Amino acid sequence: MDTLGFPFFTHCTQANVSDDPGLLEMLSHNLDYFRAKPVNIPKITILLDNGYHPETLSLALQKLYPQILTKIRLEDGICRGGNAMGN
């Protein structure tokens with residue numbers, strides 16, 4: 001947890017593990033956090049960069065914990081057509 005109470009997970013994978021499997025591995029090691037998270041507080045947004053597939057991740061995560069999408073949101077975090085400031 002950081003000072004604001006947000007989860008902060010770290011996980012090292014082998015160099016030959018691609019993006020989706022690496023993220024799934026990290027989240028699966030921390031499923032207890034998501035199981036314990038109340039649904040009456042806002043969802044945790046996970047911003048995904050190039051190489052991640054939100055639909056694939058969602059399906060795989062739901063197999064591990066069917067209610068996980070009531071607690072997290074996977075979003076494409078790529079800024080298209082400009083910089084992070086929207087320019």
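Note that the structure is a prediction, hence the values are computed from the model and not measured.
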Side chain to side chain contact (heavy atoms under 4.5 Å, CB included) assessment of Asp76 paired with Tyr52: CA-CA 8 Å; Asp76 184 354; Tyr52 293 94; over 6 Å; no
Worked verdict on Lys37 versus Ile44 for side chain to side chain contact (heavy atoms under 4.5 Å, CB included): CA-CA 10 Å; Lys37 181 188 173 298; Ile44 295 169; 3.7 Å; yes
Show me the side-chain donor-acceptor pairs of residues 61-70 shorter than 3.5 Å, one per line, residues at least two apart or across chains.
residue: Tyr65; atom: OH; partner: Lys71; partner atom: NZ; Å: 3.1
residue: Thr70; atom: OG1; partner: Gln67; partner atom: O; Å: 2.5

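Between Ser58 and Leu74 the shortest heavy-atom distance is OG-CD1, 3.5 Å. In terms of heavy-atom proximity, Asp20 sits nearest to His53 at OD2-ND1, 2.7 Å. Here the closest non-hydrogen pair linking Ile72 and Ile46 is CD1-CD1, 4.2 Å.
Taking the side chain as every heavy atom from C-beta outward, Pro54 and Leu57 never approach each other to under 4.5 Å.
Tracing side-chain contacts under 4.5 Å through hydrophobic residues (I, L, V, M, F, W, Y), one never reaches Leu47 starting from Met26; they form parts of separate clusters.
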